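Step one of this worksheet: look at the structure below.
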Amino acid sequence: MKLWGGRFTKEENRLVHKFNESLSFDQRFYAQDIRGSIAHVTMLAACGIITDNEKETIIKTLNEIKEEIDSGKLVFGNEAEDIHSFVEAELISRTGDTGKKLHTGRSRNDQVALDMRLYTRDVIDELAVLETDLLKELYALMEKNLDTYMPGFTHLQKAQPVTLAHHLGAYFEMFIRDRSRLKDTRERMNYCPLGGGALAGTTYPLDRELTASLLDFNGPTLNSMDSVSDRDYLLELLSDLSITMMHLSRFCEEVIMWNSNEYRFIELDDAYSTGSSIMPQKKNPDIAELIRGKCGRVYGHLMALLTTMKGLPLAYNKDMQEDKEGAFDAMDTVCDCLALFTDMLKTITVNKENMENSAKNGFTNATDAADWLVKNGVPFRDAHGIIGRLVLLCIEKDISLDELPLEEYKKISPVFNEEIYDAIAMKTCVDKRNTIGAPGRKAMEKVLEKYKDLIS
Ligand code: ARG
């Protein structure tokens with residue numbers, strides 16, 4: 001059934017219907033559509049626009065329709081243009097003239113604006129839970145790896161020793177920011193557009209405050225033209241999601257490297273790796289690679305919607321129907337990636353020894369060795385030169401600084417004594433760095449204490 005059939009005489013061309021319809025993808029927010037309609041009729045009755053009996057009949061039937069869709073008893077045919085028309089037509093077929101009153105004082109323009117907001121708000125709440133699960137997992141890994149020494153890198157060259165806890169802590173910070181960005185977006189979008197009508201409000205004495213509070217919004221939106229044409233909140237969400245994907249992608253890149261034969265810092269569980277059809281030795285980190293790869297489609301959806309919105313005159317235009325598929329795909333993708341990534345982290349094996357050896361073999365303690373000389377009276381520039389020569393010697397012998405015998409140290413500078421070995425031990429190098437934010441155990445423990453509240 002066409003809601004606007006009266007004005008049209010010719011049978012709608014099939015291709016036009018297929019091109020124009022949105023039911024195939026907006027059916028996913030049927031629950032939000034029905035929730036919005038129930039709030040709308042509750043408000044209509046409270047304002048005396050429909051009777052209490054009519055309200056009861058409509059709500060009862062809408063709830064039945066929802067249950068039947070939930071259970072699969074009622075299926076979406078391909079007749080209706082969108083979910084709004086589908087639900088309304090179904091209501092009218094069951095309740096006749098009473099059902100025809102549902103759309104009083106409402107347009108599909110403010111209805112779709114409401115439904116998409118309700119749906120997006122629900123997904124944001126789901127995303128916040130997934131982000132918190134990830135933060136909890138990272139926290140647990142950090143607690144376990146306060147003394148798992150590893151090289152910290154700059155330019156992908158081994159630089160100074162850190163710990164795995166400290167490295168993971170950098171991601172913890174990123175995901176905390178991601179979660180708070182989502183919270184900001186939710187706060188800003190949490191105003192109810194219903195009552196905006198087609199674009200210019202309505203002549204019915206609607207109580208928009210009531211509708212807004214029934215749907216847990218902070219209040220009604222304040223400009224009816226903006227109510228039906230604002231998609232900023234989706235752009236904000238897509239931008240938040242793009243940043244989260246970028247963070248996940250960077251993390252996955254490291255997981256992929258650390259899991260490689262060259263690094264062997266971690267080992268991924270079999271469930272998160274796959275074999276090769278030809279090379280028997282392979283255990284590929286497919287899941288991490290796919291998460292990294294899916295970053296592109298989320299960025300793409302952000303660009304697509306920005307471009308769709310650019311140049312649209314006020315108020316509603318059908319172009320805006322294009323906001324949905326990309327946004328849904330981005331939401332699905334990020335929910336899946338967060339859940340999978342968290343599970344993957346839960347099952348990794350950390351190879352502490354390899355991490356620490358890699359830090360030693362990369363001379364990440366060279367700065368600390370120079371600092372030791374400085375403390376023993378050698379000017380820094382000279383100390384830098386002395387350690388440089390020692391590093392060269394170690395490279396020739398293919399050993400690390402702590403494997404070099406004391407005589408060799410002394411040959412290059414008589415200042416050296418036994419204490420040098422303690423000074424360049426990974427534990428010493430890391431634990432001396434105790435300003436807040438640094439990798440030293442004491443500093444990390446303070447930070448972990450602060451994080452506790454954020455994940456409870
Ligand atoms: N399916 C439409 C959308 O998603 C609903 C609003 C239709 N309004 C209209 N005037 N054609 O944007």
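In this text, all values refer to a predicted model and were calculated from it rather than measured experimentally.
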Hey, is Asp431 close enough to Lys442 for a salt bridge, meaning N to O under 4.0 Å? no
TODO: Carefully, step by step, assess Lys66 and Asp70 under the rule salt bridge (Lys or Arg N to Asp or Glu O under 4.0 Å).
DONE: CA-CA 6 Å; Lys66 178 174 176 300; Asp70 286 345; 2.8 Å; yes
- Message: Do the side chains of Asp178 and Arg181 get close enough for a salt bridge, i.e. N-O under 4.0 angstrom?
- Response: yes
ask   = Does Lys158 use its side chain to pair, donor to acceptor, with the backbone of Ser358 at less than 3.5 Å?
value = yes
Ser22 meets the side-chain hydrogen bond (donor to acceptor under 3.5 Å, both in side chains) criterion, sequence neighbours left out, with Asp26, Gln321
Are any of the side-chain nitrogens in Glu187 or Lys183 under 4.0 Å away from the carboxylate oxygens of its partner?
no
Say whether, by atom type as modelled, one donor and one acceptor occur between the side chain of Asn351 and the main chain of Phe265 under 3.5 angstrom.
no
Is the shortest distance from a Lys or Arg side-chain nitrogen in Arg117 or Asp230 to a carboxylate oxygen in the other one below 4.0 Å? yes
Hits for side-chain hydrogen bond (donor to acceptor under 3.5 Å, both in side chains) against Tyr233, two or more places apart or cross-chain, chain-then-number order -> none
Practice task
State whether the side chain of Ser107 and the backbone N or O of Asn109 hold a donor-acceptor pair below 3.5 Å, judged by distance alone.
Solution key: yes
Derivation of the salt bridge (Lys or Arg N to Asp or Glu O under 4.0 Å) call for Asp216 and Arg35 = CA-CA 11 Å; Asp216 298 321; Arg35 185 175 174 211; 3.2 Å; yes
Could you tell me whether Lys318 and Glu81 make a salt bridge, using a distance below 4.0 angstrom between a side-chain N and a carboxylate O? yes
task: Under the salt bridge (Lys or Arg N to Asp or Glu O under 4.0 Å) rule, what do Arg94 and Glu68 come out as? Steps first, then yes or no, please.
output: CA-CA 13 Å; Arg94 296 177 190 209; Glu68 288 177 28; 2.8 Å; yes
* Any ion pair linking Arg186 and Asp125 (charged N to carboxylate O, less than 4.0 Å)? -> yes
Ion pair check, Lys427 and Asp147, cut-off under 4.0 Å
no
- Query: Ser260 side chain to Met257 main-chain N or O, any donor-acceptor pair under 3.5 Å?
  - Reply: yes
(request) Go through Lys452 and Glu449 one step at a time and tell me if the salt bridge (Lys or Arg N to Asp or Glu O under 4.0 Å) criterion holds. (result) CA-CA 5 Å; Lys452 246 187 206 157; Glu449 197 52 42; 3.4 Å; yes
Checking Tyr30, Phe25, Phe328 against Tyr119 for ring-ring contact (aromatic ring centres under 6.0 Å, His included), the one that qualifies is Phe328
Residues 167-195 vs ring pair (Phe, Tyr, Trp, His ring centres under 6.0 Å), sequence neighbours excluded, gives His167-Trp258, Tyr171-Phe251, Phe172-Tyr451
Is any NZ, NE, NH1 or NH2 atom of the basic residue among Glu64 and Lys60 found under 4.0 Å from an Asp or Glu carboxylate oxygen of the other? yes
message: Taking Arg433 first and then Asp368, would you say they form a salt bridge - that is, a charged N and a carboxylate O separated by under 4.0 Å?
response: yes
Salt-bridge present (Arg231, Asp323; N to O < 4.0 Å):
yes
